[in-house]
Amino acid sequence: MTNVLDLFRLDGRVAVVTGASSGLGVGFARALGQAGADVVLAARRADRLEEVVRDVRGTGRRALTVTTDVSDPEQCTALAEAAVAEFGRIDILVNNAGVGTAVPALHERPEEFRRVIDVNLNGAYWAAQACARVMEPGSSIINIASVLGLIKSYAPQAAYAASKAGLIGLTRDLAQQWSGRRGIRVNAIAPGYFASEMTAQIPPDKLMTFIGNTSPLRRLGEQHELDAAVVFLAGPGASYITGSTLAVDGGMSGH
Ligand code: NAP
């Protein structure tokens, strides 16, 4: 009989984390390393990725950086190829790269809207395609969506909300296409609000009022509360979960 704690271990697995140069992605890379996985770190800022490599190696695991703009399908293919060349396989993809905006809809320029969709939705698709082509049965893709893919915001967020709701739809469909046939589970996490470079752009008083009005827990989330969800969905403990969106949002989306 399996010890339940073994269901959370990722020894011998290889994980790719996009958007690993700052914020939540740094924590995910470190947590996956702590759980036993070797980690491939992807983002555009190579210097910042190098700092995170030291963190992952500090967990005793191997780490590789691949400078990647996920909005370019060819760079996503190159990312998957580099991961396989270095570690021989990809078992886990955390589609975490993302950008935020808050532009009133009547003023939003096409290139602003397109950029958000291009990174948050299209980029996740290109990375998922590239990795799924080499993933073996038992692999796991985790799309970092947002509570704003589930509920309305207090700020104008047409592009961001559309990208994240789209990512939840993409998750459902890829799970349908790949889970039975290829043994690749595809799930999403919908975080509430966590401290990062992205949320540092929000005026703190507005943010805390919104959280106070919508979240039963009435506080920001903490990195380890998301790390636990990522490690769970990545590993064998979640082997019967696919196509799901797990809200880690202090209860906001249940409001
Ligand atoms: P962050 O600190 O701004 O990090 C965003 C990451 O995405 C950075 O590593 C950035 O790296 C990367 N990135 C942006 N554009 C990219 C591109 N074209 N190609 C590759 N990487 C790109 O923000 P965060 O809060 O940690 O956000 C991480 C994810 O969580 C995002 O998808 C975000 O929507 C989601 N999320 C965050 C919260 C929150 O409260 N923080 C809540 C819900 C959802 P480079 O600039 O180096 O490329």
Side-chain angles (χ1 to χ4, degrees), residues 16-31 39-53 55 65-79 93-102 114-128 130 142-151 153-155 157 159-168 170-171 188-202 204 206-208 210-211 214-215 219-223 225-227 229-230 245-250 252-253:
V16 173
V17 181
T18 69
S21 61
S22 69
L24 303 179
V26 175
F28 299 154
R30 193 185 300 130
V39 188
V40 181
L41 308 156
R44 294 166 304 173
R45 288 171 293 177
D47 51 333
R48 295 282 293 267
L49 289 175
E50 287 306 326
E51 294 168 25
V52 186
V53 156
D55 265 22
T65 66
V66 186
T67 308
T68 310
D69 182 335
V70 295
S71 66
D72 178 351
E74 286 178 11
Q75 292 192 38
C76 290
T77 302
L79 166 63
L93 166 66
V94 183
N95 260 325
N96 166 74
V99 290
T101 47
R114 285 197 185 108
R115 183 67 194 154
V116 175
I117 302 292
D118 236 12
V119 177
N120 296 6
L121 177 58
N122 300 350
Y125 189 36
W126 311 141
I142 301 163
N143 294 322
I144 304 301
S146 167
V147 69
L148 298 185
L150 299 170
I151 64 167
S153 176
Y154 64 94
Q157 304 245 265
Y160 188 78
S163 73
K164 296 301 189 176
L167 189 53
I168 289 169
L170 183 75
T171 301
I189 292 175
Y193 286 84
F194 293 74
S196 74
E197 287 177 21
M198 189 180 285
T199 48
Q201 298 162 29
I202 307 172
K206 277 195 175 168
L207 180 57
M208 292 319 294
F210 180 65
I211 290 173
T214 53
S215 161
R219 63 169 174 82
L220 289 170
E222 294 184 27
Q223 177 78 45
E225 295 172 313
L226 274 178
D227 294 346
V230 166
T245 296
L246 176 59
V248 183
D249 64 356
M252 249 180 201
S253 56

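Just so you know, residue 1 is the first one in the sequence shown, and it goes up from there. Since we're looking at a predicted model, the values are computed, not measured. Counting convention: from 1, in listed order, for ligands and their atoms alike.
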protein heavy-atom neighbour closest to atom 22 (C) of ligand 1 works out as Ala97 CB, 3.6 Å
Please walk me through it: do Thr101 and Arg115 pass side-chain hydrogen bond (donor to acceptor under 3.5 Å, both in side chains)?
CA-CA 10 Å; Thr101 47; Arg115 183 67 194 154; over 6 Å; no
For Glu197, the ligand 1 atoms with a heavy-atom partner under 4.0 Å come out as 2 (O), 3 (O)
Of all protein heavy atoms, the one nearest atom 34 (O) of ligand 1 is Tyr160 OH, 2.5 Å
Looking only at protein heavy atoms, what sits closest to atom 27 (O) of ligand 1 is Met198 CE, 3.9 Å
Open item on the list: Checking the N or O distance criterion of under 3.5 Å, is ligand 1 in contact with Arg45?
Closed with: yes
Q. Do Leu148 and Lys164 have side chains that get closer than 4.5 Å, going by heavy atoms?
A. no
Discussion item. Any side-chain to backbone donor/acceptor pair from Asn96 onto Gly19? Under 3.5 Å, distance only.
Written reply: yes
So the atoms of ligand 1 within less than 4.0 Å of a heavy atom of Thr199 turn out to be 39 (C), 40 (O), 41 (N)
**Report entry** Pair Val26-Leu41, side chain to side chain contact (heavy atoms under 4.5 Å, CB included): steps then yes or no
**Finding:** CA-CA 9 Å; Val26 175; Leu41 308 156; over 6 Å; no
Is the closest heavy-atom distance from Gln75 to ligand 1 below 4.0 Å?
no
Heavy-atom contact under 4.0 Å between Gly221 and ligand 1? no
Counting from 1 in the order shown, the ligand 1 atoms closer than 4.0 Å to a non-hydrogen atom of Asp69 are 17 (C), 18 (N), 19 (N)
Check your understanding: Has the side chain of Thr199 got a donor or acceptor atom that lies under 3.5 Å from a matching backbone atom of Phe194?
Key -> yes
Arg115 heavy atoms within 4.0 Å reach ligand 1 at atoms 18 (N)
For this session: Could you walk me through whether Leu150 and Ile168 pass side chain to side chain contact (heavy atoms under 4.5 Å, CB included), step by step?
Result: CA-CA 9 Å; Leu150 299 170; Ile168 289 169; 3.8 Å; yes
Quick note on ligand 1: atoms under 4.0 Å from a heavy atom of Gly23 include exactly 2 (O), 26 (O)
Evaluation steps, side chain to side chain contact (heavy atoms under 4.5 Å, CB included), between Thr18 and Trp126:
CA-CA 12 Å; Thr18 69; Trp126 311 141; over 6 Å; no
Note: ligand 1 atoms sitting under 4.0 Å from heavy atoms of Tyr193 are 40 (O)
ask   = Is there any N or O on Val70 that sits under 3.5 Å from an N or O of ligand 1?
value = yes
Note to self: Within the structure, is a non-hydrogen atom of Asn96 found at a distance of less than 4.0 Å from ligand 1?
What the structure shows: yes
Ranked by distance from atom 37 (C) of ligand 1, the top protein heavy atom is Leu24 CD1, 3.6 Å
Nearest non-hydrogen protein atom to atom 42 (C) of ligand 1, with distance, is Gly192 O, 2.9 Å
Worksheet item: Any side-chain heavy atom of Val17 within less than 4.5 Å of one from Val39?
Response: yes
Counting heavy atoms under 4.0 Å, the part of Ala145 that contacts ligand 1 is backbone
A student checking ligand 1 against Val99 at a 4.0 Å heavy-atom cut-off should list atoms 14 (C), 15 (N)
closest protein heavy atom to atom 46 (O) of ligand 1 is Arg44 NH2, 2.9 Å
State, yes or no, whether a side-chain contact exists between Leu220 and Leu207 at a heavy-atom distance under 4.5 Å. yes
Q) Is the shortest side-chain N to carboxylate O distance from Arg48 to Asp55 below 4.0 Å? A) no
Logged contact type for Lys164 with ligand 1, heavy-atom cut-off 4.0 Å, is side chain
**Study point:** Aromatic ring pairing Tyr193/Phe210, orientation class (parallel under 30°, perpendicular over 60°, tilted between)
**Key:** perpendicular
Return yes if some donor-acceptor pair links the side-chain N/O of Asp118 with the main-chain N/O of Gly123 below 3.5 Å, else return no. no
Ala42 touching ligand 1 at heavy-atom level, < 4.0 angstrom: no
Nearest heavy atom to atom 8 (C) of ligand 1, choosing from Pro191, Ser22, Ala124, belongs to Ser22
Among non-hydrogen protein atoms, atom 24 (P) of ligand 1 lies closest to Ser196 OG, 3.5 Å
Evaluate the criterion side chain to side chain contact (heavy atoms under 4.5 Å, CB included) for residue pair Phe28 and Gln223; output intermediate values, then yes/no.
CA-CA 9 Å; Phe28 299 154; Gln223 177 78 45; 3.7 Å; yes
| request: Return a yes/no value for Gly19: is any of its N or O atoms, backbone included, closer than 3.5 angstrom to an N or O of ligand 1? | output: yes
Main chain of Val66, side chain of Thr68: is a donor-acceptor contact present, judged purely on distance under 3.5 Å? yes
Within 4.0 Å of some non-hydrogen atom of Thr68, the atoms of ligand 1 are 19 (N), 20 (C)
Report task. Please confirm whether the backbone N or O of Ala145 pairs with a side-chain atom of Asn143, one donor and one acceptor, at under 3.5 Å? Result -> no
re atom 10 (C) of ligand 1, the protein heavy-atom contact at minimum distance is Ser21 OG, 3.8 Å
Original post:
Where the side chain of Ser215 meets the backbone of Gly250, is there a donor-acceptor pair that is under 3.5 Å apart?
Top reply: yes
Do any heavy atoms of Gln223 fall under 4.0 Å from ligand 1?
-> no
